[in-house]
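Remember, it's a predicted structure, so these values are computed and weren't measured experimentally.
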Amino acid sequence: LDEGLVDRIFRKTEISAIRDILETAREVFSHRYVFSNIYGQAPIAPASNVIRAMLVSKYLDRGSSILLIGDNDALSIILASLGYDVCVLDIDQYVCMHLKGLAEKYGVDVRVFNIDVRRPFTIDQEFDAFVTDPEHTPACLYVFVLRGIQNTKPNGLGIVSWEAGFRQRRIMKAIIRRFHLDVLELRKDVIYYISPLSNFYEHIT
């Protein structure tokens, strides 16, 4: 599946530049043994994770601080291996444990906090950017983006991965207006998920 996505989602000029990071993304993905649908997200395909890492490196210098609000996909490990200062907030205890284990395995420093972002919290850092991949409900999108903005420096960067159907595009535009955000780039048809079970999303219906 992931091999077939590479030619589909990467521009011709990008493919030679992403080989090393793609192999890292695939190796990181291969260490995920437990999949849960409690929080409504399947893991992202490694090729799609590379897109997000590329966007970060396009707009942020190495060493910049990044807050990941939810990291079921272990993007934090890839970003830390590229030289970014990374912090993760996630509600899933397994994901937090998994990320700490990966950080140790790859010899990178990733701060991981088991936090439910629906409730008030404080964190001792203001970030250059936030990255988030909310569950595909308006409420989740709103809360995740709000928490990102609250913990990011003025004029900071936000990267949001969200389903782009007609209704979702209207909701995203409303969020952009609500928070007075400037859109720097929009990439379509690049985020794909791997659902390991046929009934993975059954609870959402």
To the nearest 0.5 Å, tell me how far E23 CD sits from I18 CD1. 8.5 Å

Restricting to salt bridge (Lys or Arg N to Asp or Glu O under 4.0 Å), what partner residues turn up for D124, sequence neighbours left out? R111

Establish whether I115 and L99 are linked, either directly or via other cluster members, by ILVMFWY side-chain heavy-atom contacts under 4.5 Å. no

When rounded to the nearest 0.5 angstrom, what distance separates CZ in R147 from OH in Y142? 9.5 Å

For the hydrophobic clusters of this structure (ILVMFWY residues joined by side-chain heavy atoms under 4.5 Å, transitively), does one cluster hold both L157 and V145? no

Cluster question for you: counting only ILVMFWY and a side-chain heavy-atom cut-off of under 4.5 Å, with indirect links fine, are I159 and M172 together? no

Mind listing the closest non-hydrogen atom pair of T137 and W162 along with its distance? O-CZ2, 3.6 Å

Locate the shortest heavy-atom distance separating Y192 from I9; write the atom from each residue and the value. CE1-CG2, 3.5 Å

What I'd like to find out is whether the side chain of L68 reaches to under 4.5 Å of the side chain of L79, using heavy atoms alone. yes

Nearest-0.5 Å distance that lies between atom CD in E27 and atom CD1 in I78: 10.5 Å

Close side-chain approach of Y106 to S81, heavy-atom, < 4.5 Å: no

Table please: side-chain donor-acceptor pairs of residues 175-186 below 3.5 Å, with sequence neighbours left out.
unit_1 : atom_1 : unit_2 : atom_2 : d
E185   : OE1    : K58    : NZ     : 2.7
E185   : OE1    : Y59    : OH     : 2.7

Where is the tightest heavy-atom contact between V6 and R26, given as atom of each residue plus distance? CG2-NH2, 3.6 Å

Does atom CZ (R170) have a neighbourhood of more than 12 heavy atoms from anything else shown, all under 6.0 Å? no

Within a reach of under 6.0 Å around CG of D116, are more than 12 heavy atoms found that belong to other residues, nucleotides or ligands? yes

Indicate if V56 and F127 have the same hydrophobic cluster label, given that clusters are the connected sets of ILVMFWY residues with side-chain heavy-atom separations under 4.5 angstrom. no

Taking the side chain from N114 and the backbone from I91, do they hold a donor-acceptor pair closer than 3.5 Å? yes

L102 side chain near V28 side chain, heavy-atom distance below 4.5 Å: yes

Shortest non-hydrogen contact between A80 and V110, atoms and distance: CB-CG2, 3.7 Å

Check the surroundings of atom CD in Q125: do more than 12 heavy atoms from other residues, nucleotides or ligands lie under 6.0 Å from it? yes

Identified side chain to side chain contact (heavy atoms under 4.5 Å, CB included) counterpart of P134 within the set V117, I69, V143, V160: V160

Working for side-chain contact (heavy atoms from CB on, under 4.5 Å), residues R187 and L55: CA-CA 10 Å; R187 288 193 69 154; L55 285 171; 4.3 Å; yes

Kindly indicate whether the side chain of L89, heavy atoms from C-beta on, has any atom under 4.5 Å from the side chain of F130. no

Start with the C-alpha gap between F10 and I51, add the side-chain angles, then the distance that decides, and say whether side-chain contact (heavy atoms from CB on, under 4.5 Å) holds. CA-CA 8 Å; F10 285 100; I51 286 280; 3.7 Å; yes

To the nearest 0.5 Å, how far apart are SG in C96 and CZ in F113? 10.0 Å

If the condition is side-chain hydrogen bond (donor to acceptor under 3.5 Å, both in side chains), which residues does E126 pass it with, not counting sequence neighbours? none

With a 3.5 Å cut-off and no angle check, do the side chains of N72 and Y193 form a donor-acceptor pair? no

Working to the nearest 0.5 angstrom, can you tell me the gap between T122 OG1 and Q150 CD? 12.0 Å

Please walk me through it: do I44 and L75 pass side-chain contact (heavy atoms from CB on, under 4.5 Å)? CA-CA 9 Å; I44 205 167; L75 177 62; over 6 Å; no

Kindly assign one of parallel, tilted or perpendicular to the pair Y94 and H98, based on the angle between their ring planes and the thresholds 30° and 60°. parallel

Would you indicate whether the side-chain heavy atoms of R62 and S57 approach each other to under 4.5 Å? yes

Closest approach of D133 to S161 (non-hydrogen atoms, all atoms of both residues): OD1-O, 3.2 Å

Does the side chain of M54 reach to within under 4.5 Å of the side chain of L82, using non-hydrogen atoms? no

Give the cluster check for V131 versus I149: same hydrophobic cluster or not, with ILVMFWY residues linked at side-chain heavy-atom distances below 4.5 Å. no

Closest heavy-atom contact between D71 and S76? OD2-OG, 2.5 Å

Under the criterion side-chain contact (heavy atoms from CB on, under 4.5 Å), I'd like the reasoning laid out for F166 against R169: C-alpha separation, chi angles, the key distance, then a yes or no. CA-CA 5 Å; F166 175 73; R169 287 198 299 272; 4.0 Å; yes

Interatomic distance, T24 atom OG1 to N49 atom CG [nearest 0.5 angstrom]: 11.0 Å

